[in-house]
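If you're wondering where the values come from, they're calculated on a predicted model, not measured in any experiment. Position 1 is the first residue of the sequence; numbering continues from there. Just so it is clear, the values below take in all heavy atoms, side chains as well, and ignore hydrogens, waters and symmetry mates.
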Amino acid sequence: MALHALGMRIHVLVCGNQQQPTADELAVVKRYAAEVTIVPASSKLVKLLAPTPYQVAKRDPLRFAEITGGPYDYVILEGEATYPIASNSAVRQSGTKLLLRVHNDEVVYFQALARSTGNWLHKLYYYSESIKFSWLRRHVLRNIDHYMFISSKEYEKFHHAHPGKRSMFLPPPVELDRFAAFRPHARAVVFVGSLFMPNNREAIEWYLQHVHPRMLHRPEYRFVIAGNSRKQSLDWLHKFDLERVEVFDTPESLESIYEMGCLFVNPMRNGAGVKLKTIEAIQHGLPVVSTTIGCEGTGLVDGEHIAVADDPEQFVEKLDELHAREDRRAELLAASQQYIKSQYNQRQRIDEFIRSLHPLADGEGRQE
(Lines give C-alpha, C1' and ligand atoms only; values in the text may rest on other atoms or scores of the structure.)
Protein backbone atom coordinates (compact mmCIF):
# COMPACT_ATOMS: atom_id res chain seq x y z
CA MET A 1 0.00 0.00 0.00
CA ALA A 2 2.87 2.36 0.81
CA LEU A 3 4.62 1.60 -2.49
CA HIS A 4 1.37 2.11 -4.41
CA ALA A 5 0.84 5.45 -2.71
CA LEU A 6 4.30 6.48 -3.94
CA GLY A 7 3.32 5.80 -7.55
CA MET A 8 5.04 2.45 -7.96
CA ARG A 9 3.73 -0.20 -10.35
CA ILE A 10 3.80 -3.40 -8.29
CA HIS A 11 4.03 -7.09 -9.18
CA VAL A 12 3.38 -9.34 -6.17
CA LEU A 13 4.96 -12.79 -6.32
CA VAL A 14 3.77 -15.25 -3.65
CA CYS A 15 5.33 -18.63 -2.91
CA GLY A 16 3.44 -20.98 -0.59
CA ASN A 17 0.99 -23.83 -0.20
CA GLN A 18 -1.74 -21.99 1.64
CA GLN A 19 -5.34 -22.11 0.50
CA GLN A 20 -5.76 -20.29 -2.80
CA PRO A 21 -7.16 -16.77 -2.40
CA THR A 22 -10.75 -16.12 -3.39
CA ALA A 23 -11.68 -13.74 -6.19
CA ASP A 24 -12.74 -11.16 -3.60
CA GLU A 25 -9.42 -11.45 -1.77
CA LEU A 26 -7.47 -11.06 -5.00
CA ALA A 27 -9.59 -8.03 -5.90
CA VAL A 28 -8.44 -6.31 -2.69
CA VAL A 29 -4.76 -6.98 -3.48
CA LYS A 30 -5.22 -5.77 -7.05
CA ARG A 31 -6.31 -2.37 -5.83
CA TYR A 32 -2.60 -1.87 -5.19
CA ALA A 33 -0.78 -4.46 -7.34
CA ALA A 34 -0.89 -4.47 -11.13
CA GLU A 35 -0.02 -8.19 -11.22
CA VAL A 36 -0.21 -11.12 -8.80
CA THR A 37 1.62 -14.41 -9.44
CA ILE A 38 1.23 -17.40 -7.12
CA VAL A 39 3.96 -20.06 -7.17
CA PRO A 40 3.42 -23.34 -5.26
CA ALA A 41 6.13 -24.10 -2.71
CA SER A 42 7.89 -27.46 -2.61
CA SER A 43 7.28 -28.80 0.90
CA LYS A 44 8.72 -32.29 0.45
CA LEU A 45 10.45 -33.47 3.61
CA VAL A 46 13.53 -34.38 1.57
CA LYS A 47 14.15 -30.62 1.45
CA LEU A 48 15.22 -30.92 5.09
CA LEU A 49 18.40 -32.59 3.80
CA ALA A 50 19.26 -29.71 1.47
CA PRO A 51 22.36 -27.64 2.28
CA THR A 52 20.19 -24.51 2.31
CA PRO A 53 17.67 -23.84 5.10
CA TYR A 54 14.36 -25.69 4.72
CA GLN A 55 12.55 -22.34 4.69
CA VAL A 56 14.62 -21.40 1.64
CA ALA A 57 14.74 -24.82 -0.08
CA LYS A 58 10.97 -25.15 -0.19
CA ARG A 59 10.80 -21.80 -2.03
CA ASP A 60 13.27 -22.97 -4.68
CA PRO A 61 10.49 -22.86 -7.35
CA LEU A 62 10.92 -19.07 -7.28
CA ARG A 63 14.10 -19.56 -9.32
CA PHE A 64 12.10 -20.97 -12.24
CA ALA A 65 8.84 -19.02 -11.91
CA GLU A 66 7.66 -17.48 -15.16
CA ILE A 67 7.61 -13.72 -14.65
CA THR A 68 6.41 -11.67 -17.59
CA GLY A 69 5.91 -8.23 -16.06
CA GLY A 70 9.53 -7.05 -16.14
CA PRO A 71 12.00 -5.54 -16.47
CA TYR A 72 11.94 -4.17 -12.93
CA ASP A 73 13.68 -1.27 -11.27
CA TYR A 74 13.59 -2.98 -7.87
CA VAL A 75 12.93 -6.44 -6.47
CA ILE A 76 12.12 -6.50 -2.75
CA LEU A 77 12.73 -9.83 -1.02
CA GLU A 78 10.53 -10.27 2.03
CA GLY A 79 13.03 -12.09 4.24
CA GLU A 80 15.98 -14.35 3.41
CA ALA A 81 13.61 -17.27 2.80
CA THR A 82 12.73 -15.71 -0.57
CA TYR A 83 16.38 -15.56 -1.69
CA PRO A 84 15.87 -18.06 -4.60
CA ILE A 85 14.12 -15.27 -6.55
CA ALA A 86 17.54 -13.60 -6.92
CA SER A 87 18.48 -16.39 -9.38
CA ASN A 88 15.39 -15.98 -11.54
CA SER A 89 16.32 -15.00 -15.11
CA ALA A 90 13.61 -12.31 -15.16
CA VAL A 91 15.17 -10.68 -12.12
CA ARG A 92 18.84 -10.93 -13.11
CA GLN A 93 18.71 -8.05 -15.54
CA SER A 94 20.99 -5.08 -15.74
CA GLY A 95 19.82 -2.20 -13.59
CA THR A 96 17.50 -4.24 -11.36
CA LYS A 97 18.28 -3.51 -7.72
CA LEU A 98 17.73 -6.24 -5.14
CA LEU A 99 16.49 -5.05 -1.74
CA LEU A 100 16.22 -7.43 1.21
CA ARG A 101 13.62 -6.56 3.84
CA VAL A 102 14.89 -8.21 7.02
CA HIS A 103 12.19 -9.33 9.45
CA ASN A 104 14.53 -11.18 11.82
CA ASP A 105 18.15 -12.14 12.12
CA GLU A 106 17.27 -15.71 11.10
CA VAL A 107 20.39 -17.17 12.71
CA VAL A 108 19.49 -15.64 16.08
CA TYR A 109 15.77 -16.32 15.59
CA PHE A 110 16.14 -20.08 15.11
CA GLN A 111 18.64 -20.30 17.95
CA ALA A 112 16.05 -18.60 20.17
CA LEU A 113 13.34 -21.06 19.10
CA ALA A 114 15.70 -23.95 19.87
CA ARG A 115 16.25 -22.62 23.38
CA SER A 116 12.53 -22.13 23.93
CA THR A 117 11.29 -25.59 22.98
CA GLY A 118 11.57 -28.74 25.10
CA ASN A 119 11.01 -31.02 22.10
CA TRP A 120 14.40 -32.44 21.06
CA LEU A 121 13.31 -33.13 17.48
CA HIS A 122 12.20 -29.51 17.13
CA LYS A 123 15.45 -28.38 18.79
CA LEU A 124 17.46 -30.29 16.19
CA TYR A 125 15.47 -28.70 13.35
CA TYR A 126 15.81 -25.17 14.74
CA TYR A 127 19.57 -25.47 15.32
CA SER A 128 20.00 -26.96 11.84
CA GLU A 129 18.13 -24.01 10.28
CA SER A 130 20.26 -21.57 12.26
CA ILE A 131 23.51 -23.10 10.99
CA LYS A 132 22.26 -23.23 7.40
CA PHE A 133 21.11 -19.58 7.51
CA SER A 134 24.59 -18.67 8.74
CA TRP A 135 26.07 -20.33 5.62
CA LEU A 136 23.46 -18.74 3.33
CA ARG A 137 24.23 -15.26 4.64
CA ARG A 138 27.62 -15.25 2.92
CA HIS A 139 25.90 -15.65 -0.45
CA VAL A 140 23.29 -13.03 0.41
CA LEU A 141 25.93 -10.48 1.39
CA ARG A 142 27.79 -11.05 -1.90
CA ASN A 143 24.70 -10.55 -4.06
CA ILE A 144 22.54 -7.98 -2.24
CA ASP A 145 23.71 -4.47 -1.42
CA HIS A 146 20.50 -2.86 -0.11
CA TYR A 147 18.78 -3.76 3.16
CA MET A 148 15.69 -2.61 5.03
CA PHE A 149 15.35 -3.70 8.68
CA ILE A 150 12.11 -3.70 10.64
CA SER A 151 14.15 -3.90 13.87
CA SER A 152 16.12 -0.79 14.86
CA LYS A 153 18.53 -2.93 16.90
CA GLU A 154 19.29 -5.30 14.03
CA TYR A 155 19.69 -2.34 11.66
CA GLU A 156 22.26 -0.72 13.95
CA LYS A 157 24.16 -4.01 14.35
CA PHE A 158 24.23 -4.62 10.57
CA HIS A 159 25.16 -1.04 9.70
CA HIS A 160 28.11 -1.18 12.09
CA ALA A 161 29.31 -4.56 10.72
CA HIS A 162 28.75 -3.72 7.01
CA PRO A 163 29.15 0.04 6.50
CA GLY A 164 29.63 -0.47 2.76
CA LYS A 165 26.08 -1.80 2.33
CA ARG A 166 23.13 0.58 1.89
CA SER A 167 20.80 -0.07 4.81
CA MET A 168 18.01 1.62 6.70
CA PHE A 169 15.54 1.12 9.55
CA LEU A 170 12.15 0.61 7.92
CA PRO A 171 9.58 0.18 10.70
CA PRO A 172 6.71 -2.27 10.38
CA PRO A 173 3.51 -0.86 8.88
CA VAL A 174 1.45 1.14 11.33
CA GLU A 175 -1.84 2.87 10.55
CA LEU A 176 -0.86 6.25 11.91
CA ASP A 177 -4.44 7.49 12.16
CA ARG A 178 -5.71 4.47 14.13
CA PHE A 179 -4.63 4.58 17.77
CA ALA A 180 -7.07 3.54 20.50
CA ALA A 181 -7.64 5.90 23.42
CA PHE A 182 -6.64 5.19 27.01
CA ARG A 183 -9.24 3.13 28.92
CA PRO A 184 -9.17 4.10 32.62
CA HIS A 185 -11.76 1.58 33.82
CA ALA A 186 -10.28 -1.65 32.38
CA ARG A 187 -8.48 -3.93 34.86
CA ALA A 188 -7.21 -7.04 33.05
CA VAL A 189 -3.59 -7.70 32.11
CA VAL A 190 -3.42 -9.01 28.54
CA PHE A 191 -1.05 -11.15 26.48
CA VAL A 192 -1.73 -11.68 22.76
CA GLY A 193 0.52 -13.92 20.66
CA SER A 194 0.63 -17.08 18.56
CA LEU A 195 0.04 -19.88 21.08
CA PHE A 196 1.71 -22.51 18.86
CA MET A 197 5.09 -20.72 18.94
CA PRO A 198 7.53 -22.10 21.53
CA ASN A 199 8.92 -18.68 22.50
CA ASN A 200 5.42 -17.36 23.25
CA ARG A 201 4.58 -20.49 25.22
CA GLU A 202 7.81 -20.06 27.19
CA ALA A 203 6.86 -16.43 27.94
CA ILE A 204 3.39 -17.38 29.20
CA GLU A 205 4.78 -20.18 31.36
CA TRP A 206 7.33 -17.82 32.92
CA TYR A 207 4.62 -15.27 33.68
CA LEU A 208 2.22 -17.84 35.15
CA GLN A 209 4.95 -19.30 37.34
CA HIS A 210 6.70 -16.16 38.58
CA VAL A 211 4.37 -13.17 38.19
CA HIS A 212 0.69 -14.13 38.11
CA PRO A 213 0.49 -15.65 41.65
CA ARG A 214 1.99 -12.47 43.10
CA MET A 215 -0.61 -10.26 41.44
CA LEU A 216 -3.62 -12.07 42.90
CA HIS A 217 -3.59 -9.83 45.99
CA ARG A 218 -5.34 -7.26 43.78
CA PRO A 219 -9.02 -8.31 43.71
CA GLU A 220 -9.66 -6.54 40.39
CA TYR A 221 -6.68 -8.19 38.62
CA ARG A 222 -7.07 -10.96 36.05
CA PHE A 223 -4.84 -12.31 33.30
CA VAL A 224 -6.14 -12.70 29.74
CA ILE A 225 -4.32 -14.89 27.20
CA ALA A 226 -5.35 -14.86 23.53
CA GLY A 227 -3.92 -16.15 20.28
CA ASN A 228 -4.01 -18.68 17.48
CA SER A 229 -3.16 -22.23 18.60
CA ARG A 230 -3.40 -23.76 15.10
CA LYS A 231 -5.52 -26.42 16.81
CA GLN A 232 -2.61 -27.55 18.97
CA SER A 233 -3.41 -28.63 22.52
CA LEU A 234 -3.21 -26.04 25.29
CA ASP A 235 -3.00 -28.67 28.02
CA TRP A 236 0.41 -27.29 29.00
CA LEU A 237 -1.45 -24.42 30.68
CA HIS A 238 -3.09 -26.72 33.21
CA LYS A 239 0.08 -27.37 35.21
CA PHE A 240 -0.31 -23.82 36.56
CA ASP A 241 -2.81 -22.27 38.95
CA LEU A 242 -5.28 -20.67 36.52
CA GLU A 243 -7.23 -18.72 39.11
CA ARG A 244 -8.45 -15.56 37.39
CA VAL A 245 -6.89 -16.57 34.07
CA GLU A 246 -9.01 -16.37 30.90
CA VAL A 247 -7.85 -18.08 27.70
CA PHE A 248 -9.22 -17.21 24.26
CA ASP A 249 -8.09 -19.80 21.74
CA THR A 250 -8.05 -18.47 18.15
CA PRO A 251 -10.58 -15.65 18.65
CA GLU A 252 -12.23 -14.26 15.52
CA SER A 253 -11.32 -10.73 16.56
CA LEU A 254 -8.79 -9.29 18.99
CA GLU A 255 -10.50 -5.92 19.42
CA SER A 256 -12.62 -7.05 22.38
CA ILE A 257 -9.57 -8.75 23.94
CA TYR A 258 -7.55 -5.54 23.95
CA GLU A 259 -10.53 -3.62 25.30
CA MET A 260 -10.46 -5.77 28.46
CA GLY A 261 -6.97 -4.62 29.37
CA CYS A 262 -5.40 -1.86 31.37
CA LEU A 263 -1.92 -3.25 30.63
CA PHE A 264 -0.21 -5.53 28.13
CA VAL A 265 2.63 -7.84 29.15
CA ASN A 266 5.31 -9.23 26.86
CA PRO A 267 7.45 -11.51 29.08
CA MET A 268 9.41 -13.12 26.22
CA ARG A 269 12.69 -14.79 27.19
CA ASN A 270 13.96 -15.61 23.71
CA GLY A 271 13.40 -14.08 20.28
CA ALA A 272 14.80 -11.95 17.48
CA GLY A 273 13.73 -8.97 15.41
CA VAL A 274 11.12 -6.41 16.36
CA LYS A 275 8.33 -7.61 18.65
CA LEU A 276 5.21 -6.60 16.78
CA LYS A 277 2.91 -7.65 19.62
CA THR A 278 4.33 -4.79 21.70
CA ILE A 279 3.71 -2.23 18.95
CA GLU A 280 0.21 -3.58 18.27
CA ALA A 281 -0.72 -3.44 21.96
CA ILE A 282 0.26 0.24 22.13
CA GLN A 283 -1.79 0.92 18.99
CA HIS A 284 -4.76 -0.72 20.72
CA GLY A 285 -4.49 1.56 23.75
CA LEU A 286 -2.47 -0.55 26.19
CA PRO A 287 0.69 0.58 27.98
CA VAL A 288 3.25 -2.23 28.12
CA VAL A 289 5.34 -4.04 30.73
CA SER A 290 7.98 -6.12 28.98
CA THR A 291 11.23 -7.96 29.27
CA THR A 292 14.20 -6.56 27.33
CA ILE A 293 13.65 -9.22 24.66
CA GLY A 294 9.96 -8.32 24.46
CA CYS A 295 10.63 -4.72 23.38
CA GLU A 296 13.81 -5.41 21.42
CA GLY A 297 14.10 -3.58 18.12
CA THR A 298 11.18 -1.22 18.77
CA GLY A 299 13.21 1.80 19.87
CA LEU A 300 10.94 2.24 22.91
CA VAL A 301 12.77 3.43 26.04
CA ASP A 302 12.30 2.02 29.54
CA GLY A 303 10.67 4.53 31.86
CA GLU A 304 9.81 6.90 29.03
CA HIS A 305 7.59 4.86 26.72
CA ILE A 306 7.42 1.42 28.35
CA ALA A 307 8.27 -0.44 31.58
CA VAL A 308 11.05 -3.03 31.23
CA ALA A 309 12.10 -5.72 33.72
CA ASP A 310 13.82 -9.08 33.31
CA ASP A 311 13.74 -10.72 36.73
CA PRO A 312 10.46 -11.74 38.40
CA GLU A 313 10.74 -9.34 41.36
CA GLN A 314 11.22 -6.27 39.19
CA PHE A 315 8.57 -7.39 36.73
CA VAL A 316 6.02 -7.80 39.54
CA GLU A 317 7.05 -4.46 41.06
CA LYS A 318 6.56 -2.52 37.82
CA LEU A 319 3.36 -4.34 36.91
CA ASP A 320 1.91 -3.85 40.39
CA GLU A 321 2.75 -0.14 40.40
CA LEU A 322 1.21 0.50 36.98
CA HIS A 323 -1.87 -1.57 37.77
CA ALA A 324 -2.44 0.71 40.77
CA ARG A 325 -1.60 4.04 39.08
CA GLU A 326 -3.96 5.16 36.35
CA ASP A 327 -2.04 8.40 35.83
CA ARG A 328 1.24 6.61 35.14
CA ARG A 329 -0.43 4.19 32.72
CA ALA A 330 -1.93 7.11 30.80
CA GLU A 331 1.44 8.89 30.73
CA LEU A 332 3.31 5.86 29.33
CA LEU A 333 0.64 5.19 26.71
CA ALA A 334 0.63 8.79 25.47
CA ALA A 335 4.44 8.83 25.20
CA SER A 336 4.67 5.47 23.43
CA GLN A 337 1.91 6.30 20.95
CA GLN A 338 3.53 9.62 20.13
CA TYR A 339 6.88 7.88 19.58
CA ILE A 340 5.36 5.39 17.13
CA LYS A 341 3.51 8.15 15.25
CA SER A 342 6.73 10.11 14.81
CA GLN A 343 9.18 7.25 14.11
CA TYR A 344 7.09 4.67 12.24
CA ASN A 345 6.12 6.69 9.16
CA GLN A 346 6.87 3.86 6.74
CA ARG A 347 5.78 5.63 3.55
CA GLN A 348 8.11 8.57 4.13
CA ARG A 349 11.08 6.32 4.91
CA ILE A 350 10.50 4.11 1.85
CA ASP A 351 10.27 7.18 -0.38
CA GLU A 352 13.55 8.60 0.94
CA PHE A 353 15.36 5.26 0.60
CA ILE A 354 14.11 4.50 -2.93
CA ARG A 355 15.02 7.99 -4.13
CA SER A 356 18.54 7.53 -2.77
CA LEU A 357 19.06 4.29 -4.74
CA HIS A 358 17.96 4.99 -8.29
CA PRO A 359 18.17 7.98 -10.62
CA LEU A 360 14.66 7.21 -11.87
CA ALA A 361 13.24 7.81 -8.41
CA ASP A 362 13.05 11.58 -8.85
CA GLY A 363 9.30 11.98 -8.99
CA GLU A 364 9.25 12.11 -12.80
CA GLY A 365 9.28 8.38 -13.64
CA ARG A 366 6.95 5.54 -12.76
CA GLN A 367 8.96 2.79 -11.05
CA GLU A 368 8.21 -0.92 -10.95
Side-chain angles (χ1 to χ4, degrees), residues 1-14 28-34 36 72-82 97-106 109 144-159 165-180 192 254 258 266 271-286 288 295-301 305-306 333-358 360-363 365-368:
M1 291 169 66
L3 291 170
H4 178 266
L6 293 171
M8 301 284 181
R9 183 180 182 276
I10 304 159
H11 183 172
V12 174
L13 186 63
V14 182
V28 173
V29 177
K30 287 182 176 178
R31 293 177 192 169
Y32 310 99
V36 178
Y72 300 99
D73 297 310
Y74 319 101
V75 174
I76 299 177
L77 289 74
E78 284 288 321
E80 289 173 283
T82 65
K97 295 187 181 297
L98 298 178
L99 287 72
L100 175 61
R101 186 164 180 253
V102 182
H103 294 246
N104 298 298
D105 182 326
E106 299 289 6
Y109 176 68
I144 297 180
D145 291 322
H146 308 99
Y147 296 80
M148 302 181 292
F149 290 82
I150 71 170
S151 163
S152 61
K153 179 181 178 180
E154 291 184 2
Y155 158 67
E156 291 164 4
K157 178 181 177 182
F158 180 89
H159 183 66
K165 301 289 185 180
R166 297 290 295 273
S167 59
M168 70 170 296
F169 168 52
L170 179 66
V174 171
E175 294 184 67
L176 297 176
D177 58 346
R178 295 190 64 183
F179 282 81
V192 174
L254 292 173
Y258 286 115
N266 190 355
V274 67
K275 307 308 179 293
L276 294 178
K277 60 173 69 67
T278 295
I279 301 298
E280 289 166 358
I282 292 169
Q283 281 186 270
H284 283 87
L286 295 181
V288 177
C295 67
E296 196 174 51
T298 62
L300 297 164
V301 177
H305 311 115
I306 192 172
L333 180 65
S336 59
Q337 288 190 341
Q338 181 56 42
Y339 177 83
I340 292 171
K341 289 175 184 178
S342 65
Q343 299 298 316
Y344 279 53
N345 190 330
Q346 190 186 68
R347 186 185 302 178
Q348 178 182 333
R349 287 178 177 266
I350 290 176
D351 189 27
E352 292 170 353
F353 192 57
I354 292 291
R355 288 176 184 275
S356 74
L357 298 182
H358 203 293
L360 286 179
D362 59 2
R366 181 174 172 83
Q367 290 78 57
E368 293 192 318

- Query: Would His103 and Glu78 count as a side-chain contact (heavy atoms from CB on, under 4.5 Å) if you check the C-alpha gap in whole Å, the side-chain angles of each, and the deciding distance to 0.1 Å?
  - Reply: CA-CA 8 Å; His103 294 246; Glu78 284 288 321; 2.7 Å; yes

- Message: Tell me the closest heavy-atom pair linking Arg101 and Gln346, and the distance in Å.
- Response: NH2-NE2, 3.6 Å

- Val36 and Ala33: which non-hydrogen atoms are nearest, and at how many Å? CG2-CB, 4.3 Å

- Contact check, side chains of Tyr258 and Glu280, non-hydrogen atoms, under 4.5 Å: yes

- Separation between CD of Glu296 and NZ of Lys153, rounded to the nearest 0.5 Å: 3.5 Å

- Which word best sums up how the rings of Tyr72 and His11 line up, parallel for under 30°, tilted for 30 to 60°, or perpendicular for over 60°? tilted

- Message: Just verifying a value: how many Å separate Lys157 NZ and Ser167 OG, rounded to the nearest 0.5 Å?
- Response: 13.5 Å

- Quick one: CG on Leu254 to NZ on Lys277, what's the gap to the nearest 0.5 Å? 12.0 Å

- When you measure from the side chain of Ser152 to the backbone N and O of Gly297, does any donor-acceptor pair fall under 3.5 Å? yes

- Query: Per the side chain to side chain contact (heavy atoms under 4.5 Å, CB included) rule, which among Val75, Leu13, Leu77 passes with Thr82?
  - Reply: Leu77

- Item | Euclidean distance, Ile76 CD1 relative to Met8 CE, rounded to 0.5 Å | 7.5 Å

- Note on the structure: Rounded to the nearest 0.5 Å, the CE atom of Met148 sits from the CZ atom of Arg349 at a distance of 13.0 Å

- Kindly confirm or rule out a cation-pi arrangement of Lys341 over Phe179, judged by NZ or CZ under 6.0 Å from the six-membered ring centre and within 45° of its axis? yes

- Message: Do Glu352 and Ile350 have side chains that approach each other closer than 4.5 Å (heavy atoms only, starting at C-beta)?
- Response: no

- Item | Donor-acceptor under 3.5 Å (Lys165 side chain, Phe158 main chain) | no

- Minimum side-chain heavy-atom gap Val288-Leu300 below 4.5 Å: no

- Note on the structure: The residue among Leu100, Leu99, Leu170 that forms side chain to side chain contact (heavy atoms under 4.5 Å, CB included) with Tyr147 is Leu100

- Item | All ring pair (Phe, Tyr, Trp, His ring centres under 6.0 Å) counterparts of Tyr339, not counting sequence neighbours | His305

- Message: So, taking the atom named OG1 in Thr278 and the one named CD1 in Ile306, what distance separates them when rounded to the nearest 0.5 Å?
- Response: 5.5 Å

- Message: Any non-hydrogen side-chain atom of Val12 less than 4.5 Å from a side-chain atom of Ile10?
- Response: yes

- Item | Asp145 with Arg166: basic N within carboxylate O range, under 4.0 Å | no

- Over all heavy atoms of both residues, which pair between Ile150 and Phe169 is shortest? Give the atoms and the distance, please. O-CE1, 3.3 Å

- Query: Under 3.5 Å, side chain of Gln338 to main-chain N/O of Leu333, donor-acceptor pair present?
  - Reply: no

- Item | Closest approach of His146 to Lys97 (non-hydrogen atoms, all atoms of both residues) | CE1-CD, 4.3 Å

